[in-house]
Protein chains: 4
Amino acid sequence: MTSTSEQKHDIILDSAFYLFSTKGFYETKIAEIAEHAGVAKGTVYLYFSSKEELFKEMTRRNFDEFLDGLSNELTRSSSFAEKLNKIADHHLSYFYNMRNHTRIFFQGLNNDPEFMEVMFHHIENYVNLVTNVMESESINESKLHAKAFVGMLENYKMDILFTKSFTKDHLNQRVDFAVKLFMNGCKR
Amino acid sequence: MTSTSEQKHDIILDSAFYLFSTKGFYETKIAEIAEHAGVAKGTVYLYFSSKEELFKEMTRRNFDEFLDGLSNELTRSSSFAEKLNKIADHHLSYFYNMRNHTRIFFQGLNNDPEFMEVMFHHIENYVNLVTNVMESESINESKLHAKAFVGMLENYKMDILFTKSFTKDHLNQRVDFAVKLFMNGCKR
Amino acid sequence: MTSTSEQKHDIILDSAFYLFSTKGFYETKIAEIAEHAGVAKGTVYLYFSSKEELFKEMTRRNFDEFLDGLSNELTRSSSFAEKLNKIADHHLSYFYNMRNHTRIFFQGLNNDPEFMEVMFHHIENYVNLVTNVMESESINESKLHAKAFVGMLENYKMDILFTKSFTKDHLNQRVDFAVKLFMNGCKR
Amino acid sequence: MTSTSEQKHDIILDSAFYLFSTKGFYETKIAEIAEHAGVAKGTVYLYFSSKEELFKEMTRRNFDEFLDGLSNELTRSSSFAEKLNKIADHHLSYFYNMRNHTRIFFQGLNNDPEFMEVMFHHIENYVNLVTNVMESESINESKLHAKAFVGMLENYKMDILFTKSFTKDHLNQRVDFAVKLFMNGCKR
DNA sequence: CATGAATGAGAGTTCATTCAT
DNA sequence: AATGAATGAACTCTCATTCAT
């Protein structure tokens, strides 16, 4: 009935995610994470060497989940439009599901090179995944296209995070819009 | 030869910008800002009521400069393509000039509603400026178009901030690319 | 129309009294006293060498006024009972008139020997005045009697300071009571 | 051999009493209390939420000890004179034992309503205890009598605190004197 | 005489981290 | 492995005092 070591590791990570993403890094205290996880303060340090390290691991897990999910969905898609759709939907749905955890998207460990590396690699991996889709369609300058597409999506993220009344319908509308704009350009 | 009161206000703001943007909010100490500005610690509090307030004023000034500059350039542009070009160039050049102050773009006062309001309004104002350009060209769903375009640019920002070898040429290339992609869509 | 130097000295002392007695020594700022007196902060230091000194001078003036008034009233009294009455009335009326300035009676400069000296001397002088009255009636152990009488009055001070609904009638009742008790003892 | 949690709480309270009463509230630093108690600065905050709170708890403990002791002694007294004697002796002995901690009697947290409440209640409780003694002897206006008696004692406190050469004999003399004066009035 | 901008020492408080149990 | 009491470095902000104008 007691938690295994691995389970405790994950429980702490869950609590860290919940609190960091809701309140921000500096505003979240180790004591709060411990309490939320139902362990003692000292226990946190048995699994993570520091607050920074805990934040980094949490971030890594988040990024990995995001990319694993996307990568999984892409293998089940066939046409180009369908793939773009999946990317857009996955991207915006991710933020939609996290719209109550807005802090996570604005705060990092900006002075920690290792953390910047983690972020940088995530973006790189994400863009590479999208770049592969572009290349499979023989699009030139595939990387620039990939970044532009991701950027469009990233910007709609703001609507989600700041608009209280944002619904799934609004989300679908943006998915369609982004794909069409990317494929055909603006219609004048 | 001595500073007027207004000058001192700005000198402190300059120092705050330099340090906050280089090291981040929490990592910058009031004592450092004072030293950098060549005044005593207490003097900072004669001009700004708190560290948070100082950060907010600095942010406001930054945002205002960005928008004033853009708005100024847009009035001197004629064709649609030219306007898009000016927006893209202004956006990316701004970050290019600040590529050594990367911290500023990742950290804020995420728990301070007033600060979030400042950020939100800036984004709103920026998008509205771009939306006006879209509308002047009678483009439907002008706001969604505006956000998508800004998003593309925003994403290229990452290249600038993370790529040490990024040059003005790379920048111009992205400006052209973004405008063309936005107008015509991806070419397959 | 402008204040003379002596007037300014007194105006500052008045403001100091008002604020110190309403808010306490540490809670009152020099800046507030200056503002209340309608002078600049630096001006306070032209008349008083430090915050402590200002507090001491204010206290001295207060004590002097109290004793001058009492001494004046006693010369106009004839019988013993009448004199005791004047003392009691003067004592309690003084606190009654100051019942909105309760801070002054609880806070001092407890670490400043000079201030303690000022307080000590005031008490001494007051008791001596009352002792003289006792001696003029040939009462033995005149000083112990004097202190006991002052003590009775001092304690009724608490009623005045803490009882919001305390009236002049209550005051007169206590004056009469104290004099009778002192002269005849408790009635059993 | 190590302190229990409760012991540490009391050790800090003891140190707080020693320093606050010797030097005053504002003149005593938390760092000094910690050092005197043999703990780290932060430890003080594990037991008391703020400097103010620490001062309040110390005051409460002091007051309680005073009243408990008195109440205990009164139950063992029989005649009226004996009871008055016990009150006078307890009151003056208390201050006699504390004659090196004079600061405590002049300084409080005058702006803190909660602290004023604590003080007010203590005085109230003390007077009530004495009032009960008066009533048990069927004395009219028992409360006014009680306050007068306490006032006499309170004033002799000054002799104790300010007279370096004050001895136990002086104290006993004042106890006797106060009781006789209260019972019989001044002898002319 | 008068001003008030500038100073900077100093204090209370927080909280990540440690370590004896 | 787990605890949580104890630590103490570090930081923001205050305010009496000074002095150039």
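In what follows, every chain begins at residue 1, and chains take the letters A, B, ... in the order their sequences are listed.
- Residue C/Lys51 has no polar side-chain atom (N or O) positioned under 4.0 Å from OP1 or OP2 of F/dC15.
- Rounded to whole Å, the distance from CG on C/Leu54 to P on F/dA16 is 11 Å.
- Regarding A/Phe55, its CZ atom lies at a distance of 16 Å from the C1' atom of E/dA16, rounded to whole Å.
- Scanning for side chain to side chain donor-acceptor pair (under 3.5 Å) contacts around C/Asp14 gives C/Arg61, with sequence neighbours left out.
- One can place OH of A/Tyr26 at 19 Å from P of E/dT14, the figure rounded to the nearest angstrom.
- DNA chain F lies under 4.0 Å from at least one heavy atom of each of the following residues of residues 34-46 of chain D: D/Val39, D/Ala40, D/Lys41, D/Gly42, D/Thr43, D/Leu46.
- Atom pair D/Gln7:CD and F/dA5:C1' shows a separation of 15 Å (rounding to whole Å applied).
- Remark: DNA chain E forms stems of 3 or more consecutive Watson-Crick or G-U wobble pairs, all pair distances under 3.5 Å, at E:2-21 with F:2-21.
- In this structure, CZ on B/Phe48 lies 11.5 Å from OG1 on B/Thr43, to the nearest 0.5 angstrom.
- Rounded to a whole Å, the CD1 atom of B/Ile11 is 14 Å from the C1' atom of E/dA5.
- Residues forming a ring pair (Phe, Tyr, Trp, His ring centres under 6.0 Å) with A/Phe66 (at least two apart in sequence, or on another chain): A/His90, A/Tyr94, A/His122, A/Tyr126.
- Using a 4.0 Å heavy-atom criterion, one finds that B/Thr28 contacts the sugar-phosphate atoms exclusively.
- Both tests hold for B/Lys51 against B/Phe25: distance to the six-membered ring centre under 6.0 Å, angle to the ring axis within 45°.
- Side-chain proximity of A/Lys29 to F/dT12, E/dC15, E/dA6: nearest is E/dC15.
- In this structure, D/Glu32 atom CD and E/dG12 atom C1' are separated by 13 Å, rounded to whole Å.
- In this structure, A/Ile12 and A/Ile33 have side chains that are in contact, with non-hydrogen atoms separated by less than 4.5 Å.
- B/His9 is linked by a side chain to side chain donor-acceptor pair (under 3.5 Å) to nothing, counting only residues two or more places apart in sequence or in another chain.
- Checked against the 6.0 Å centroid threshold, D/Phe115 and D/Phe55 count as a close aromatic pair.
- Here E/dG10 presents its P atom at 21 Å from CD1 of B/Ile30, a figure rounded to the nearest Å.
- If you find the closest nucleotide of DNA chain E to B/Tyr47 and to D/Ser50, the one lying nearer the 5' end belongs to B/Tyr47.
- Only one option out of C/Phe17, C/Phe20, C/Tyr18 pairs with C/His36 in a ring-ring contact (aromatic ring centres under 6.0 Å, His included); it is C/Tyr18.
- The side chain to side chain donor-acceptor pair (under 3.5 Å) check on B/Glu32 picks up B/Lys23, with sequence neighbours excluded.
- Between the CZ atom of B/Phe48 and the P atom of F/dT12 there is a distance of 16 Å, given to the nearest Å.
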